[in-house]
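Before any comments, here is the structure.
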Amino acid sequence: EQEVVLNQRLTHDIYLEVCPIHKSEGVYSMIPGPVDIIDYAVVMRRMDNNREMSTLLPDGKVSKTDIKKIAGQLVRFHKNAAVVKGKLTPEDLIEDFNDIRQVQPFILEHLGQQASDELTVIISFINDFINNRSELILNRDQQGFTRDCHGDLHSGNIFLLEEPVIFDCIEFNEHLRITDIFAELGFFCMDLEFYQCPHLSAYFMECYLAEFPVIRNESEEYLFLFYKLYRANVKAKINAIKAQQAHNQEELDSRLALLARYFKLLLAYYDILKNAPR
């Protein structure tokens with residue numbers, strides 16, 4: 001029910017209802033009857049997978065018009081999203097960022113000693129960066145920039161139709177969904193840059209900020225860059241974990257390639273962020 005309600009904020013006529021799943025004599029059914037309910041399913045309208053943004057980006061089939069429409073949708077969504085104060089703290093950001101340490105031995109094994117050493121330096125730097133900006137982070141929270149967002153805003157969760165459809169928000173974990181708007185925007189921009197489309201990332205922020213100026217000074221520009229770095233950190237960690245769970249060599253190689261690409265992006269953000277004024 002939560003998945004339907006939350007996703008209906010950004011979609012129309014996609015998330016339809018919650019339907020009970022019944023079991024009778026070993027047969028599963030979604031047809032109501034005098035049998036036990038064993039689970040529930042979300043009923044959705046099927047979409048055309050060929051219109052997934054993550055499928056179109058590598059082929060250069062995402063236009064500035066698409067990006068402007070997405071920016072407009074997100075401005076309206078974020079302006080109307082519930083403001084939640086007191087949920088975001090610098091300590092939480094540090095803890096979340098440092099979670100990548102769990103895969104550092106795997107990074108050492110597969111990306112090498114230099115990558116592992118670079119990660120150690122970045123973790124230390126980011127801890128200092130957040131501590132030095134704790135007042136800014138808390139002030140933004142009190143000023144209403146922490147909101148009930150989508151939580152998983154990347155191109156794999158967007159269908160590019162005449163009007164873009166942004167779906168599959170995080171319903172199972174408030175901590176991942178209730179965050180600074182920067183975390184949401186940073187994820188989407190990082191994803192565009194991962195697909196080697198920095199021009200689309202820049203244009204997205206240009207369109208968004210024209211309607212909702214959430215970056216107001218240089219300090220916030222660097223904080224926004226931190227969130228892009230943080231999202232690259234998360235994607236690197238996820239791909240390292242999935243590589244460890246790979247069932248065959250092909251899957252392992254694919255996950256290792258993604259890990260290496262996200263780690264390279266993380267380093268690129270760090271090279272800029274390390275020059276931020278203290």
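Checked against side-chain hydrogen bond (donor to acceptor under 3.5 Å, both in side chains), H78 has the following partners two or more places apart in sequence or in another chain: E184, Y208. With sequence neighbours left out, the salt bridge (Lys or Arg N to Asp or Glu O under 4.0 Å) criterion links K235 to no other residue. Applying the side-chain contact (heavy atoms from CB on, under 4.5 Å) criterion to N127, with sequence neighbours excluded, gives I94, N98, R101, I123. Under the ring pair (Phe, Tyr, Trp, His ring centres under 6.0 Å) criterion, F106 pairs with H110, sequence neighbours left out. Residues that satisfy the side-chain contact (heavy atoms from CB on, under 4.5 Å) test with V43, not counting sequence neighbours, are L16, E17, C19, M30. Checked against side-chain hydrogen bond (donor to acceptor under 3.5 Å, both in side chains), Q249 has the following partners two or more places apart in sequence or in another chain: D253. Contacts of Y222 classified as ring pair (Phe, Tyr, Trp, His ring centres under 6.0 Å), with partners at least two apart in sequence or in another chain: none. Residues passing the side-chain hydrogen bond (donor to acceptor under 3.5 Å, both in side chains) test with H175 are D96, sequence neighbours excluded.
Here the CG-CD1 distance, from N173 to I178, works out to 9.5 Å after rounding to the nearest 0.5 Å. Atom CD of E251 is separated from atom CZ of R255 by 6.5 Å, given to the nearest 0.5 angstrom. Atom CG of L10 is separated from atom CD of Q73 by 7.0 Å, given to the nearest 0.5 angstrom. Interatomic distance, C149 SG to L6 CG, rounded to the nearest 0.5 Å: 11.5 Å. Residue L74 holds its CG atom at 10.0 Å from CD1 of I181, rounded to the nearest 0.5 Å. Note: L176 CG to E174 CD = 10.5 Å, rounded to the nearest 0.5 Å.
Of all the heavy atoms in R147 and K79, the pair that sits closest is NH1-O, 3.4 Å. Here the closest heavy-atom approach between residue A41 and residue I21 is recorded as CB-CD1, 4.0 Å. Of all non-hydrogen atoms in I38 and K23, the two that sit nearest each other are CG2-CB, 3.9 Å. In terms of heavy-atom proximity, V214 sits nearest to F182 at O-CZ, 3.5 Å. Taking every heavy atom of both residues into account, K274 and F125 meet most closely at CA-CZ, 3.4 Å. When every heavy atom of K237 is checked against every heavy atom of Q102, the shortest pair comes out as CD-NE2, 3.9 Å.
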Evaluate the criterion side-chain contact (heavy atoms from CB on, under 4.5 Å) for residue pair R216 and R140; output intermediate values, then yes/no. CA-CA 11 Å; R216 301 165 296 178; R140 282 182 58 82; 4.1 Å; yes
Does Y28 form a side-chain contact (heavy atoms from CB on, under 4.5 Å) with D39? I'd like the steps, not just the answer. CA-CA 10 Å; Y28 298 95; D39 209 339; over 6 Å; no
Audit row: F172, Q2, side-chain contact (heavy atoms from CB on, under 4.5 Å) steps and yes/no: CA-CA 8 Å; F172 57 86; Q2 184 83 330; over 6 Å; no
Hey, mind stepping through M205 and I215 against side-chain contact (heavy atoms from CB on, under 4.5 Å) and telling me if it holds? CA-CA 10 Å; M205 287 305 295; I215 297 178; 3.9 Å; yes
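Judged by distance alone, with hydrogens and angles left aside, the side-chain atoms of Q8 form a donor-acceptor pair with the main-chain N or O of Y15 at under 3.5 Å. With hydrogens and angles ignored, the 3.5 Å screen pairs a side-chain donor or acceptor of S134 with a backbone N or O of N131. Looking only at distances, no side-chain donor or acceptor of D59 sits under 3.5 Å from a matching main-chain atom of K61. The closest donor-acceptor contact from the side chain of T120 to the backbone of S116 lies under 3.5 Å. A distance-only check finds a donor-acceptor pair linking the side chain of R231 to the backbone of A183 [under 3.5 Å]. With hydrogens and angles ignored, the 3.5 Å screen pairs a side-chain donor or acceptor of N217 with a backbone N or O of E220.
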Which atom pairs, one a donor and one an acceptor, fall under 3.5 Å between side chains of residues 156-170 and the rest of the protein, sequence neighbours left out?
{"unit_1": "N157", "atom_1": "ND2", "unit_2": "D152", "atom_2": "O", "d": "2.9"}
{"unit_1": "N157", "atom_1": "ND2", "unit_2": "D152", "atom_2": "OD2", "d": "3.3"}
{"unit_1": "N157", "atom_1": "ND2", "unit_2": "H154", "atom_2": "NE2", "d": "3.3"}

Which pairs would a plain distance check flag for residues 80-89, meaning a side-chain donor or acceptor within less than 3.5 Å of a matching protein atom at least two apart in sequence or in another chain?
{"unit_1": "N80", "atom_1": "ND2", "unit_2": "R76", "atom_2": "O", "d": "2.9"}
{"unit_1": "K85", "atom_1": "NZ", "unit_2": "Q142", "atom_2": "O", "d": "3.1"}
{"unit_1": "T89", "atom_1": "OG1", "unit_2": "D92", "atom_2": "N", "d": "3.1"}
{"unit_1": "T89", "atom_1": "OG1", "unit_2": "D92", "atom_2": "OD2", "d": "3.2"}

Can you give me every donor-acceptor pair (side chain of residues 261-273, partner residue at least two apart or in another chain, under 3.5 Å) with its distance?
{"unit_1": "R261", "atom_1": "NH2", "unit_2": "F194", "atom_2": "O", "d": "2.9"}
{"unit_1": "Y269", "atom_1": "OH", "unit_2": "E193", "atom_2": "OE1", "d": "2.4"}

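Looking only at atom types and distance, the side chain of E52 has a donor-acceptor partner in the side chain of N49 under 3.5 Å away. Of the N and O atoms on the side chains of Q113 and D117, at least one donor lies less than 3.5 Å from an acceptor on the other residue. If you check the side chains of S63 and D66, you find a donor sitting under 3.5 Å from an acceptor.
At a threshold of 4.5 Å between non-hydrogen side-chain atoms, the residues I122 and N233 do not count as touching. The shortest side-chain heavy-atom distance between R177 and D148 falls under the 4.5 Å cut-off. Between Y195 and D191 the shortest side-chain heavy-atom distance falls below 4.5 Å. Considering only heavy atoms from C-beta on, H22 stays 4.5 Å or farther from D36 through its side chain. Side chains of Y227 and L93 form a contact here, defined as non-hydrogen atoms less than 4.5 Å apart. Residues K228 and L225 form a side-chain contact, since some pair of their non-hydrogen atoms from C-beta on lies under 4.5 Å apart. Looking at N7 and I14, their side chains never come closer than 4.5 Å, going by heavy atoms from C-beta outward. In this structure, the side chains of I100 and Q104 stay at 4.5 Å or more apart for every pair of heavy atoms.
Residues in residues 126-139 take part in no salt bridge (Lys or Arg N to Asp or Glu O under 4.0 Å) pair, two or more places apart or across chains.
In the hydrophobic cluster analysis, where Ile, Leu, Val, Met, Phe, Trp and Tyr join through side-chain heavy atoms closer than 4.5 angstrom, V121 is grouped together with L229.
Summarising the local packing, NZ of K242 is surrounded by 12 or fewer heavy atoms from other residues, nucleotides or ligands at distances under 6.0 Å.
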